[in-house]
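Every chain is numbered from 1, with letters handed out A, B, ... down the list of sequences. Keep in mind the model is a prediction, meaning the values are calculated, not measured.
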Amino acid sequence: MTQNSFTRSNDRSLRPVALSVALTLAAGLTTFSAHAQESPADGVHADRVDWGILMDMSGPTASSQSVWVRGFQDYAAKVNEDGGINGRELNLLVEDNRFDAATDKIAFEKLVGQTPVIAISGMGSSVSQVALADTIKNGKVPVIGTYTPTKALSEPVSPMVYNGFCGYRQQAEAGVGYMVEKLGLENPKVMTVAIETAGGQEYAQFVADAVAKYNGTASSTTMKVTAADVTPQVQQIMSEEPDFITIYGIENTAILTMKTLAQYGLETPAFGITYLGTPSVYAALGAEAGANYNFISCFTPGGADDAEGNAELVAYAAEAGNADLSGNINYVAGWVAGQLAAQALEMAGENPTRESLVAALEGGFTVDSKGLAAPIVFTPEDHTGPQVLKMFSYDYDNSAFTADGDYADYEKYTKPAE
Amino acid sequence: MSDTLAPATVAAARAKTSPGKWIVRAIVLAVLIYAPFVLTSRSIFGIPLSNMQLLNLGLTQINLMLIAMLGALSLNFLTGSAGLISIGHAAFYATGAMTAAIFGTQLGWPFPLVLVCAAIAGALAGILAGLPSLRVRGLYFVLSTLAVHYVVVFLFQEYQFAFFGVVGVPFAQPSIGPIAIDSPIRWYFFLLPLVALVYFGLRNVLATREGRALMAMRDHELAATAMGADVRILRLKAFALSSAIAAVAGALYAHLLTNATSEVFGINFAIQFIAMIIIGGLGSLSGSLLGAAVWLLLPTIITGLTSFAADSTGIVRTVLVDHRPQLVQMIFGLIVIVLLIFAPGGMADLIAKLRAALFGRRHG
Amino acid sequence: MFAQVLFSGLALGSIYGLVALGFAVVFKATDVFNFAQGMFAVCGAYFAVTAISALDLPFGLAILFMIAACATLGVLAHIFLIQPLAGRSMLAIIMVTIALSIVLRAGIEIFYGPQGRVLTTPLPSGVIRIGDLRISQLHLIAALTSWACMAIFGAFFRFTSVGLLMRATADGHEAALVSGVNVNAMNRLAWAIGAVLAGIGGLFLGQLQIVSPELEAIGLLALPAVVIGGMQSIPGAIIGGLLVGLIAQFAGSYISPKSTDIVIYGLLLLILMVRPWGLLGQRELGRV
């Protein structure tokens with residue numbers, strides 16, 4: 001075993017280590033033998049199918065990613081209450097990557113070989129997605145329903161990868177398109193406020209591309225993930241006077257920016273990326289600062305409309321003791337990813353394997369979230385996933401999210417130019 | 001403890017070698033060679049093992065542990081021999097990764113040469129980072145290495161943004177001559193001898209005249225000067241060697257992950273090496289190995305153990321299942337605290353004491 | 001713009017100064033470099049959330065609850081973690097504070113769940129206008145409170161007998177022992193003060209943004225503050241905090257937001273090379 005590598009040293013003080021390791025191993029073998037059971041290679045058992053989730057459950061992004069996992073788990077629980085999928089329970093194996101690329105690699109390997117699963121969802125850390133992209137594409141375990149869309153994993157289209165979250169390019173296009181139209185701008189002046197990460201830089205570029213379509217100008221400013229004050233950034237906004245701003249980052253990025261704008265009496269309209277559309281952001285902003293803040297999303301938060309899927313989600317969340325999460329966009333995204341997973345598994349047939357799952361999906365399919373998102377269409381050429389977004393804001397008087405229009409109204413912004 | 005960094009005991013440990021030891025060594029070597037196959041096939045001599053029987057461990061994790069051992073060894077060498085404590089080891093990892101990216105990814109040099117470049121860059125960075133040691137000691141020096149950490153991570157970020165952008169810095173698949181290191185098993189058999197090499201190399205360095213002077217300097221600066229050693233140069237040399245090893249480890253780390261961003265080398269990454277040598281035993285080379293193993297493997301093992309609670313309900317479920325990651329972190333933190341309080345010399349010392357208690361009479 | 005940046009730098013720096021002061025008090029008294037200081041700030045913010053949202057206490061009582069809870073936390077940390085490690089290497093003690101913050105973080109996440117919490121206090125959130133200058137009332141209150149705390153503790157150390165005893169204990173343990181001072185009690189008091197100051201800082205940070213374990217970062221920002229000011233110096237910590245706040249804001253405004261870390265840690269390196277005992281610290285050689 002591994003600990004034995006120390007004893008490689010010519011160090012007699014470590015001989016007992018070898019002894020104790022041997023003892024531990026022996027003890028382990030007997031103690032756990034009751035639990036020894038043949039794991040089928042693809043995680044498909046007589047009564048259940050093991051499905052992997054790889055997300056940050058205790059690291060810096062846990063506040064959003066673990067909520068997504070909760071949504072996924074609740075949907076799986078609901079499926080299982082209704083009899084499972086083709087007679088088997090959907091059993092989720094959640095691995096915590098602590099937002100660390102190395103831990104991610106370890107956990108991925110575990111889900112492939114140690115406690116095998118039929119497919120993996122989540123993969124919330126973009127760094128590890130990029131690092132694992134080749135392994136995934138050349139491997140046997142499909143990744144279905146990613147939390148973070150990265151280019152490395154989704155381009156070129158691979159039969160092993162299906163995205164499950166709003167893409168950044170689409171967020172920028174739909175958000176900018178909507179704001180330009182809504183505000184009736186001719187040559188829009190747009191500013192991106194982003195955290196200092198490569199992802200922020202990429203998003204700013206997507207915004208600049210989208211703004212260029214309207215003959216506008218785009219600029220950007222950055223802040224630290226750990227920023228506690230954004231006066232310098234807001235000073236820059238004051239001096240450049242953009243028509244609207246767009247925010248990329250963590251919840252605090254949006255909170256600090258909007259609060260400080262309000263403090264300076266600026267009423268610059270703003271929209272945040274999907275991840276920043278949580279109830280806690282609006283609660284922290286309060287009615288005044290929150291009035292100018294919207295977010296673009298491909299998912300409808302629980303309680304924002306009366307679609308069938310939405311009512312189901314709200315009811316089930318309450319039943320599962322997660323009523324406070326149903327308005328959280330991450331919870332909804334996790335729930336929809338659960339719908340995607342369940343549907344994929346159903347398509348894989350009575351006795352699914354990794355291979356049959358991949359083969360079943362290859363021809364393309366559509367996920368109907370019952371109104372929680374626009375129909376999510378996967379074709380053999382396009383695995384982008386949810387592509388239609390709309391703009392949401394928060395109605396403080398009624399304590400509920402409201403959307404401006406229907407998903408169909410927004411399709412024009414993200415349709416690729418013919 | 002024979003590997004405490006005191007020359008006398010090092011020599012003493014070498015002197016005694018009985019034939020019985022060779023048998024033990026042969027067995028250990030056999031286990032080390034067989035272990036990766038057990039972890040890959042998930043069975044031993046054809047008998048399948050459950051995940052828990054293998055302690056929830058996988059081979060990639062062992063490989064990462066071996067790389068972490070390089071970092072812990074180099075830091076403990078620095079701390080144990082020169083008495084210098086550094087939070088800068090993540091920075092040297094980053095230096096190694098950056099150098100590997102320049103010479104490997106961008107210039108396409110062969111992998112062994114890239115590692116040499118990483119070592120040289122690491123040594124140079126180490127000398128620069130060690131300069132404040134000419135003026136300050138103790139806590140002040142720790143803080144200067146913290147500053148170095150921020151500077152290097154900033155440089156890495158700028159480098160990444162300038163040449164590679166959002167996806168991070170990619171690293172090609174390493175190969176030594178015609179042999180590609182393309183599977184966990186190959187990584188294992190590449191890393192294992194390397195760790196052994198560094199371990200014995202550092203032991204030998206400590207047994208040299210300069211090594212002894214270094215340790216004398218740690219304990220008493222005047223004594224070292226009396227031995228005719230220029231303490232400051234020695235200190236810088238130790239720093240250069242230590243950071244060269246860390247830089248090689250960083251290059252390996254980046255290659256194993258195949259991709260790295262500046263975010264990988266954060267402050268927590270830096271702190272983990274200190275944690276490893278403290279847990280393992282300050283100033284003990286074998287302790288470094290133990291510490292790295294505990295830090296890398298323990299959370300996984302705890303996670304595996306808590307998975308037995310998967311079928312439970314009620315409050316147990318809330319704590320054990322829904323909050324398992326937090327629970328794992330908490331147990332881990334508590335174990336570290338208990339170790340710190342009850343095992344002042346770290347794991348290495350603890351084991352030495354156990355040994356004394358168990359076999360004390362036999363070994364005198 | 002200059003005045004605006006100056007004000008925001010001072011406001012932010014005051015909060016840093018407060019946390020750094022707590023850091024310095026602990027360091028001066030017990031020689032412990034407390035890496036859990038950031039987590040203490042987080043705990044303070046969560047204690048306030050508990051008192052206000054869960055216990056429905058009026059604001060004044062909630063603050064008292066927070067202070068009492070933080071002080072208890074500090075004392076417990078000293079009794080169970082620091083005292084057993086008395087006389088051990090600096091690294092071991094640093095490590096135990098790191099382990100403490102791992103445990104605290106996990107505990108908070110288990111108890112409060114993954115989502116960030118919003119801290120609602122009756123503190124004013126409006127804006128005062130002086131000419132072109134817009135001063136956020138919350139920032140102003142944070143700054144004033146910080147200064148008040150600093151003044152109170154300054155007076156405490158200078159004029160009260162307990163404060164004087166604490167200083168005496170910090171300056172030479174043997175002497176204090178001989179004169180019959182209960183060193184452990186003094187040290188516990190220092191830890192309580194350190195945790196309370198961090199907690200107040202966390203309260204304001206949580207109010208300015210959202211309460212989550214990520215507020216821990218304040219602890220790392222207090223670090224350069226104490227070093228720049230002088231680790232052994234109480235006023236040094238305050239000045240250091242203010243300087244770090246000002247540098248962060250000015251570098252962010254006039255160079256680029258990215259440059260702040262580099263400028264702060266560059267100054268830290270410079271100070272270490274030129275004047276390692278800090279701007280206001282006492283020269284003390286060979287301190288290892």
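Other residues, nucleotides and ligands contribute more than 12 heavy atoms inside 6.0 Å of the NZ atom of A/Lys137.
Across every non-hydrogen atom of A/Lys105 and B/Leu257, the tightest pair is CD-CD2, 3.9 Å. Taking all atoms of both residues into account, the shortest heavy-atom contact from A/Val127 to B/Asn259 is O-ND2, 3.6 Å. The two residues B/Pro325 and A/Asp96 come nearest to each other via the heavy atoms CB-OD2, 3.1 Å. What you find for A/Arg98 and B/Pro299 is that their closest heavy atoms are NH1-CB, 4.3 Å. Contact detail for A/Ser58 and B/Gln329: the closest heavy-atom pair is OG-CG, 4.1 Å.
Options B/Val195, B/Leu256, B/Ile27 differ in how many heavy-atom pairs under 4.5 Å they form with chain A, and the most are formed by B/Leu256. Looking only at heavy-atom pairs under 4.5 Å with chain B, the residue among A/Gly59, A/Ala102, A/Ala101, A/Ala62 that has the most is A/Ala102. Of the listed residues (B/Thr40, B/Thr261, B/Thr303), the one with the most heavy-atom contacts under 4.5 Å to chain A is B/Thr261. With chain A as the partner, the residue from B/Phe269, B/Tyr253, B/Tyr34, B/Phe164 showing the most heavy-atom pairs under 4.5 Å is B/Tyr253.
Neither the backbone nor the side chain of B/Phe171 comes within less than 4.5 Å of any heavy atom in chain A. For A/Glu196, the parts lying under 4.5 angstrom from a heavy atom of chain B are both the backbone and the side chain. For a residue to count as touching a neighbouring chain, one of its non-hydrogen atoms must lie under 4.5 Å from one of that chain's; by this rule B/Pro184 touches chain A with the side chain only. Both the backbone and the side chain of B/Asn56 have a heavy atom closer than 4.5 Å to some heavy atom of chain A. When heavy atoms are compared at a cutoff of 4.5 Å, A/Lys110 approaches chain B solely by way of its side chain, counted from C-beta outward.
For the pair B/Thr258/A/Asp134, no side-chain contact is recorded, criterion being any heavy-atom separation below 4.5 Å from C-beta on. For the pair A/Gln114/B/Leu54, no side-chain contact is recorded, criterion being any heavy-atom separation below 4.5 Å from C-beta on.
Of the inter-residue distances, the one linking B/Gln272 atom CD with A/Asp100 atom CG reads 8.0 Å to the nearest 0.5 angstrom. Taking OG1 of B/Thr60 as the reference point, atom CG of A/Asp104 lies at 12.0 Å (rounded to 0.5 Å).
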